[in-house]
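Keep in mind it's a predicted model, so treat the numbers as computed, not measured. Each chain gets a letter, A, B and so on, in the order the sequences are listed, and its residues count up from 1.
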Number of protein chains: 2
Amino acid sequence: MVDNKKTNTQNEEQELSAVFAALSDPVRRAILNRLGEGELLVSQIAQPFEISLQAVSKHIHVLVKAGLVVQERTGRVSLCRLDTGPIYKAAIWLNRYSKYWQAQFDTMAVWLDELDKKRK
Amino acid sequence: MVDNKKTNTQNEEQELSAVFAALSDPVRRAILNRLGEGELLVSQIAQPFEISLQAVSKHIHVLVKAGLVVQERTGRVSLCRLDTGPIYKAAIWLNRYSKYWQAQFDTMAVWLDELDKKRK
DNA sequence: CTGTCAATCAACCATATGATTGAATGTAAA
DNA sequence: TTTACATTCAATCATATGGTTGATTGACAG
């Protein structure tokens, strides 16, 4: 098996790109939010959206390819659930900027307040 | 000033989309990495890349639009530095999945080990 | 002034993305 | 064994993205 450090790094880079790209779409983030509350069928995921079922199915596929969602087909339905392994890596990458977070901590505090207000 | 809760949420969503989209490109992540070590001119940022200066300039512009980089033009040069405020929001968003992190903590530990090995 | 140089603007191109509609697949129910 | 239903596949379309090259802007040096 040919697999050196450089190749690994490239794979990590690609994986990171796929995760961030998957998270860059509001529909996909909404799907992840709903899956955070429990497993759902494709049709259940699609229900609240105004776009077609096929479009939602494609979004789910993007999430699966990025490793954020696992799909398990039993019979004619397909259960989807979170698989947040790769999100670790994204979070870890973001954490490398933590020293800057400290410097601008007030900004974050303000934003957290706003977020709390919205959730009431 | 017309600005209701729904509009705010949409703005937050768009901002989050812009941040994640900006982070989804390996060149832009590399730029952020380098800026993490200090301020740099556009030409200095472009130097290690094989793509054209114009392409790098466009990448920087994407980072500026996402609010991750601030560009300050003095004379004919343009200093770039990190502005990680919006990264807070991305990190906070990711943290909503922290309960899943706990469940799969072993996976993260393994990945962190690999990361350490790479940095040696 | 005039030429040089950092950076951006502009036009263009190839490919990727997100959506649609219609057909196909395959399981469950009648 | 039909029929209905959940999901995916396929073809198509409009727009976004990332790259190129060439022209433009605007500050500094000779």
Legend entry - G75(A) vs V27(A), nearer the 5' end of DNA chain C by closest nucleotide: V27(A)
How close or far is atom [atom2] of [N] from atom [atom1] of [X], stated in whole angstroms?
| X | N | atom1 | atom2 | answer |
| --- | --- | --- | --- | --- |
| H59(A) | dT7(D) | NE2 | P | 16 Å |
| L53(A) | dC5(D) | CG | P | 14 Å |
| L63(A) | dT7(D) | CG | P | 16 Å |
| D25(B) | dT17(C) | CG | P | 12 Å |
| I51(A) | dC13(D) | CD1 | P | 21 Å |
| K58(A) | dT17(C) | NZ | C1' | 8 Å |
| H61(B) | dA16(D) | NE2 | P | 15 Å |
| E50(B) | dG18(D) | CD | C1' | 16 Å |

Legend entry - Donor/acceptor link under 3.5 angstrom from R76(B) side chain onto base of dC28(D): no
Legend entry - Polar side-chain contact Q54(B)-dG18(D) base: donor and acceptor under 3.5 Å: no
Using a 3.5 Å distance criterion without hydrogens, assess whether the side chain of [X] forms a donor-acceptor pair with backbone atoms of [Y].
| X | Y | value |
| --- | --- | --- |
| R34(A) | Q44(A) | yes |
| S57(B) | L53(B) | no |
| S78(B) | V42(B) | no |
| R28(A) | A22(A) | yes |

Counting only side-chain nitrogens and oxygens, does [X] get under 4.0 Å of the OP1 or OP2 atom of [N]?
| X | N | value |
| --- | --- | --- |
| S57(B) | dA7(C) | no |
| R73(A) | dA6(D) | no |
| S43(A) | dT7(D) | yes |

Inset, instruction - Could you tell me whether Q44(A) contacts a base, only the sugar-phosphate backbone, or nothing, with contacts defined as non-hydrogen atoms closer than 4.0 Å? - result: nothing
Inset, instruction - Check every strand shown and say whether S52(B) touches a base, only sugar-phosphate, or nothing at a heavy-atom separation below 4.0 Å. - result: base
Inset, instruction - Report the residue from L32(B), V62(B), L35(B), I31(B) that forms a side chain to side chain contact (heavy atoms under 4.5 Å, CB included) with L68(B). - result: L32(B)
